[in-house]
Q: 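Have a look at the structure that comes next, please.
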Amino acid sequence: MNETTTLYDKIWNSHIVDKQEDGTCLIYIDRHLVHEVTSPQAFAGLRKDGRSVHRTDLTLAVADHNVPTTNRSGVIKDKESRIQIEALEKNCSDFGVELYSMNDIRQGICHVVGPEQGFTLPGTTLVCGDSHTATHGAFGSMSFGIGTSEVEHVLATQTLILQKCRNMRVTVNGNLPRGITAKDLILAVIGKIGTAGGTGAAIEFSGDAFKSLTMEGRMTVCNMTIEAGARVGLFAPDETTFEYLKGRPKSPKGGAWELAVNYWQTLKTDPGAKFDEEVAMDASEISPQVTWGTSPEDVTTIDGQVPNPADIEDENRRNKMERSLEYMGLEAGTLMKDIKINTAFIGSCTNSRIEDIRAAADVVKGRKVANGVQALVVPGSGLIKELAEQEGLDQIFVEAGFEWREAGCSMCLAMNADKLKPGARAASTSNRNFEGRQGPGGRTHLVSPAMAAAAAITGHLTDVRDLD
Amino acid sequence: MEKFDKLTSVAAPLPLINVDTDMIIPARFLKTIKRTGLGADLFSTLRFNEDGTDRENFVLNKPAYKDAEILIAGENFGCGSSREHAPWALLDYGIKCIIAPSFADIFYNNSSKNGILLIQLPQEEVDKLMEDAERGANSTISIDLEAQEITGPDGGVIKFDVDAFKKNCLLNGLDDIGLTLQKVDKIKEFEARKKIAQPW
Ligand code: SF4
């Protein structure tokens, strides 16, 4: 039978080790990223049962969630954070897993490090005990977040017991207007389909607006597919992908490179393949996005205003909105542009790559951070930090009054010392505006790097296009 | 993993949608290297005031629901991060079953791997159970996984669906890794084939 299949179907089918009658499959996992927060209990489980890591060569560990982003010469002050990092170091050395620990220049956020090292490759299955693993789908890798029991399962067997997702396609055609970034694009998609819109789905991104994105932009889009509830986000690999991967430390070399590219070129959805759901938007309709609430779907445009719960018919949704506005300390009808901030955070696996830092630096150049605003730039990896410094970007930030930090997750989830104070309000390039996400009582407005930079300069949410 | 077979308990109503994993267990409590002890901080922000005292109006702080082992919640429960600390915290507190119109994918997987039964029901049926649960100590319901039935406080029976593989694992307390390692030959065969087809 000559069936047409989607990109997701192709990757899924080529990784089936075993299939049960009920459709549950044992799926082979090609790449596994490990970090300090979701792995200690998994390694403890292996030890308890006398098991080993099945393929250390397919496993890469990095310390990211807990690491301090200030001076790293001394020991980590926070005892529990230190114990987690030390546990990772011990586990990796006992089980023979490669680790980029805190003082390695290659250290950084796992989802930034994997692609940067060429560990992430098209057509692979890639997992990590972190929901933003979806990021790697930018390369046409079927990648998704797993819990600690599954981390242990992959370490021990290099497989996972899975059920297939449904296929969904989001198509955005047209040219992205000036000043509109990948972040705005994905926030607009989430605003349209909701945080549960992609539940149980693998989303393929298609159309020229997506296709025109750089790898950095594609990673931003796939990173946030989990905020639409989807398990997997995918881009078909193309010349942009191959160009990015060529010559990376762990990319295929020599003859293997040619073979790999030949194979990667076959990784696309067949014409006429059926998706269970299709969503389409037009790029020209998209403006800079900013969230007002405590879920990524609580999003509007920068010229919009805080919505009014009284306009919502559904009781559950109305209650949720009232609760969000109370938490956020916002009045219905307030113009988004009038919302004052006291923190700007440029970082996280959504937006900490070199292109993000360049975009923010472009806005910041020759300007000063507003009085009373704390502004941070936390590069996604040591290598990105180094490159930005070679380009003199750190100077631009420091002269403007930004803090220039070491790589890590930092204020994205506030597990290290970088936290919002209760009631503090941030323009943040991260991916989650949940209650307390960036520190207990902290209030988050999700935006693109250029928009976060603009807010740092003016002291309130700002349309970056008004700054030129 | 503990077996899940039958459960009879008061059901606590939590009529919120999109309850995310940061609400279930905030990131600052993820620094443990153990699986136990997280129950003390379950729903930390909802459950406690800033000075650490109980928020009286939070459901699990009300005397009638203190020992609830079942939660009734709104749609998209467990969205957000992949932290298995969320089911660990629920389990450590004593929650063994959650009933909602829908669950986030990763949370769903993580829960069943820890012996928590998640039951997805149509909104109307959840609404009905939610209403029953509001009645406090009289809101005892019974769950029979083998029969796939919930018996409400007034004796009404609701059928539910559950994935056959997960049901079997829950009923028998089976460890996935042990099951998969029985297929190690198939895994090795797959690896051998892959090495030839994709040598990079
Ligand atoms: S940067 Fe934030 S979202 Fe990304 S891996 Fe770290 S904590 Fe998770």
Side-chain angles (χ1 to χ4, degrees), chain A residues 17-18 20 22 24 26 28 37-38 40-41 44 49 51 54 66 78 80-81 83-84 87 121 129-131 133 145-150 152-153 156-159 161 163 195-196 199-200 229 231 252 256-257 259-260 263 295 316-317 319-320 323 413-415 422 432 434-437 440-441, chain B residues 1 15-18 20-23 26-28 30-35 44-46 50 74-76 79-88 102-107 109-111 113-114 163-166 169 175-181 183-184 186-187 189-191 194 197-200:
Chain A
V17 175
D18 192 33
Q20 295 174 14
D22 66 354
T24 307
L26 189 64
Y28 195 77
V37 179
T38 54
Q41 293 87 348
D49 297 322
R51 290 169 177 151
H54 182 70
N66 265 313
D78 181 285
E80 291 168 306
S81 294
I83 291 174
Q84 271 194 341
L121 296 177
D130 185 283
S131 54
T133 310
I146 56 178
T148 300
S149 295
E150 289 175 312
E152 187 179 337
H153 195 279
T157 70
Q158 207 59 38
T159 63
I161 301 166
Q163 286 209 310
T195 57
T199 303
R231 196 98 211 256
W257 171 259
L259 270 178
Y263 170 62
S295 164
N316 283 333
R317 296 199 171 273
N319 291 343
K320 168 82 171 61
R323 199 187 141 81
L413 91 167
M415 274 190 80
R432 288 198 174 130
F434 297 164
E435 289 182 21
R437 169 78 181 186
Chain B
M1 180 170 107
L16 293 175
I17 61 169
N18 298 334
D20 60 66
T21 50
D22 282 77
M23 281 162 96
R28 61 185 182 281
L30 307 190
K31 296 187 180 183
T32 173
I33 56 170
K34 301 206 209 82
R35 289 175 198 244
S44 172
T45 318
L46 297 168
E50 265 147 50
E75 68 185 53
N76 199 26
C79 61
S81 99
S82 65
R83 61 188 70 158
E84 201 156 314
H85 307 69
W88 293 337
S102 59
F103 295 93
D105 292 335
I106 305 181
F107 177 78
N109 267 326
N110 284 342
S111 295
K113 289 198 178 358
N114 286 279
D163 165 299
F165 178 71
K166 293 212 166 81
C169 290
D175 160 21
D176 283 359
I177 298 179
L179 287 175
T180 300
L181 284 176
K183 298 183 182 166
V184 73
K186 287 196 174 169
I187 298 173
E189 259 170 50
F190 183 93
E191 287 177 324
K194 181 142 189 142
Q198 295 175 18
W200 53 88

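In what follows, chains carry the letters A, B, and so on, assigned in the order in which the sequence lines appear, proteins first and then strands, with residues in each chain numbered from 1.
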Q: Rounded to the nearest 0.5 Å, how far apart are OG1 of A:T38 and CG of B:N110?
A: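 With rounding to 0.5 Å, OG1 (A:T38) is 10.0 Å from CG (B:N110).
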Q: Please report the interatomic distance CD1(B:I33) to CD1(A:I83), rounded to the nearest 0.5 Å.
A: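 The CD1 atom of B:I33 sits 6.5 Å away from the CD1 atom of A:I83.
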Q: Side chain, backbone, both or neither: which part of B:E50 has a non-hydrogen atom closer than 4.5 Å to chain A?
A: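 It is neither, since no heavy atom gets under 4.5 Å.
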Q: Which one wins on heavy-atom pair count under 4.5 Å against chain B: A:T133, A:N66, A:T157?
A: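 Most heavy-atom pairs under 4.5 Å with chain B: A:T157.
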Q: Going from OG1 on A:T24 to NZ on B:K166, what distance comes out if it is rounded to the nearest 0.5 angstrom?
A: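 Output value for this atom pair is 7.5 Å.
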Q: Does any non-hydrogen side-chain atom of A:M415 lie less than 4.5 Å from one of B:L30?
A: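 SC-SC contact between B:L30 and A:M415 confirmed.
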Q: Give the member of B:E189, B:M23, B:K113 that has the highest number of heavy-atom pairs under 4.5 Å with chain A.
A: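 Top option by heavy-atom pairs under 4.5 Å: B:K113.
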Q: Testing the basics here: between B:S81 and A:S131, what is the closest heavy-atom pair and its distance to 0.1 Å?
A: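 Reported closest heavy-atom pair: CA-OG, 3.4 Å.
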Q: Is chain A contacted by the side chain of B:F107, its backbone, both, or neither, given a heavy-atom distance below 4.5 Å?
A: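 Neither part, no heavy atoms under 4.5 Å.
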Q: Do you know which of B:V184, B:D163, B:N114 has the most heavy-atom pairs with chain A at a distance under 4.5 angstrom?
A: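 Of the options given, most contacts go to B:D163.
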Q: Do A:E152 and B:I177 have side chains that approach each other closer than 4.5 Å (heavy atoms only, starting at C-beta)?
A: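 Side-chain contact under 4.5 Å: yes.
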Q: Is there a side-chain contact between A:E150 and B:S82, using heavy atoms and a 4.5 Å cut-off?
A: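 No, their side chains stay 4.5 Å or more apart.
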Q: Which one wins on heavy-atom pair count under 4.5 Å against chain B: A:G145, A:P422, A:A87?
A: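 Heavy-atom pairs under 4.5 Å are most numerous for A:G145.
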Q: Report the option among A:H153, A:Q158, A:Q163 that has the most heavy-atom pairs separated by less than 4.5 Å from atoms of chain B.
A: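 Looking at each option in turn, the highest pair count goes to A:H153.
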Q: Is there a salt bridge (Lys or Arg N to Asp or Glu O under 4.0 Å) between B:D105 and A:R231? Walk through the geometry before answering.
A: CA-CA 7 Å; B:D105 292 335; A:R231 196 98 211 256; 5.2 Å; no
Q: What part of B:E191 lies closer than 4.5 angstrom to a heavy atom of chain A: side chain, backbone, both or neither?
A: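 Only the side chain of B:E191 comes within 4.5 Å of chain A.
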Q: At what distance, to the nearest 0.5 angstrom, does OG1 of B:T21 lie from CZ of A:R432?
A: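 It comes to 5.5 Å.
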Q: Sort out for me which of B:R28, B:R35, B:R83 touches chain A most, counting heavy-atom pairs under 4.5 Å.
A: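 Of the options given, most contacts go to B:R35.
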Q: Counting only non-hydrogen atoms closer than 4.5 Å, does B:L16 touch chain A with its backbone (N, CA, C, O), its side chain (CB onward), both, or neither?
A: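 Side chain only.
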Q: Using a 3.5 Å distance criterion without hydrogens, assess whether the side chain of A:E435 forms a donor-acceptor pair with backbone atoms of B:L46.
A: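 Flag not set: sc A:E435 to bb B:L46 has no pair under 3.5 Å.
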Q: Do B:F190 and A:T159 have side-chain heavy atoms sitting under 4.5 Å apart?
A: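 No, their side chains stay 4.5 Å or more apart.
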Q: When rounded to the nearest 0.5 angstrom, what distance separates OH in A:Y263 from CD in B:Q198?
A: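 It comes to 4.5 Å.
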Q: I'd like to know which of B:E75, B:K186, B:E84 tops the heavy-atom pair count under 4.5 Å against chain A.
A: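 Most pairs with chain A among the choices: B:E84.
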Q: Highest number of heavy-atom pairs under 4.5 Å with chain B: which of A:R51, A:K320, A:Q20?
A: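 Ranked by contacts with chain B, first place is A:R51.
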Q: Count the heavy-atom pairs under 4.5 Å between each of A:D49, A:L121, A:I146, A:D22 and chain B, then report the option with the highest count.
A: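 Ranked by contacts with chain B, first place is A:I146.
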Q: To check you understand the geometry: which heavy-atom pair defines the closest contact between B:L181 and A:A156, and what is its length?
A: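 Taking B:L181 first and A:A156 second, the nearest heavy atoms are CD2-O, 4.0 Å.
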Q: A side-chain contact here means heavy atoms from C-beta on lying under 4.5 Å apart; do A:L259 and B:P199 qualify?
A: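 Contact flag for A:L259/B:P199 side chains = yes.
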Q: Measuring heavy-atom distances to chain B, does A:L26 have an atom under 4.5 Å in its side chain, in its backbone, in both, or in neither?
A: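 For A:L26, the side chain is the part near chain B, not the backbone.
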Q: Locate the shortest heavy-atom distance separating A:F434 from B:C79; write the atom from each residue and the value.
A: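 Smallest interatomic distance, heavy atoms only, reads CE1-O, 4.4 Å.
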Q: Using heavy-atom distances under 4.5 Å, tell me whether A:N319 contacts chain B through its side chain, its backbone, both, or neither.
A: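 No part of it gets close to chain B.
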Q: Taking C-beta and beyond as the side chain, do A:T199 and B:S102 meet within less than 4.5 Å on heavy atoms?
A: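 Answer no - side chains too far apart.
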Q: Is it the side chain or the backbone of A:A196 that comes within 4.5 Å of chain B heavy atoms, both, or neither?
A: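 Backbone plus side chain of A:A196, per the 4.5 Å heavy-atom cut-off to chain B.
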Q: Counting only non-hydrogen atoms closer than 4.5 Å, does B:N76 touch chain A with its backbone (N, CA, C, O), its side chain (CB onward), both, or neither?
A: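 Contact with chain A involves the side chain of B:N76 alone.
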Q: Top residue by heavy-atom pair count (under 4.5 Å) with chain B, among A:S149, A:P440, A:A256?
A: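 Highest number of pairs under 4.5 Å: A:S149.
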Q: With heavy-atom distances below 4.5 Å as the criterion, would you say the side chains of A:R437 and B:D20 are in contact?
A: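 Contact flag for A:R437/B:D20 side chains = no.
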Q: State whether the side chain of A:E80 and the backbone N or O of B:K31 hold a donor-acceptor pair below 3.5 Å, judged by distance alone.
A: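 No; zero donor-acceptor contacts below 3.5 Å.
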Q: So do the side chains of A:Q41 and B:T32 get within less than 4.5 Å of each other, counting heavy atoms only?
A: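 Result yes, sub-4.5 Å side-chain heavy-atom pair found.
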Q: Distance from B:D176 atom CG to A:I161 atom CD1, nearest 0.5 Å?
A: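 Taking CG in B:D176 and CD1 in A:I161, the distance rounds to 4.0 Å.
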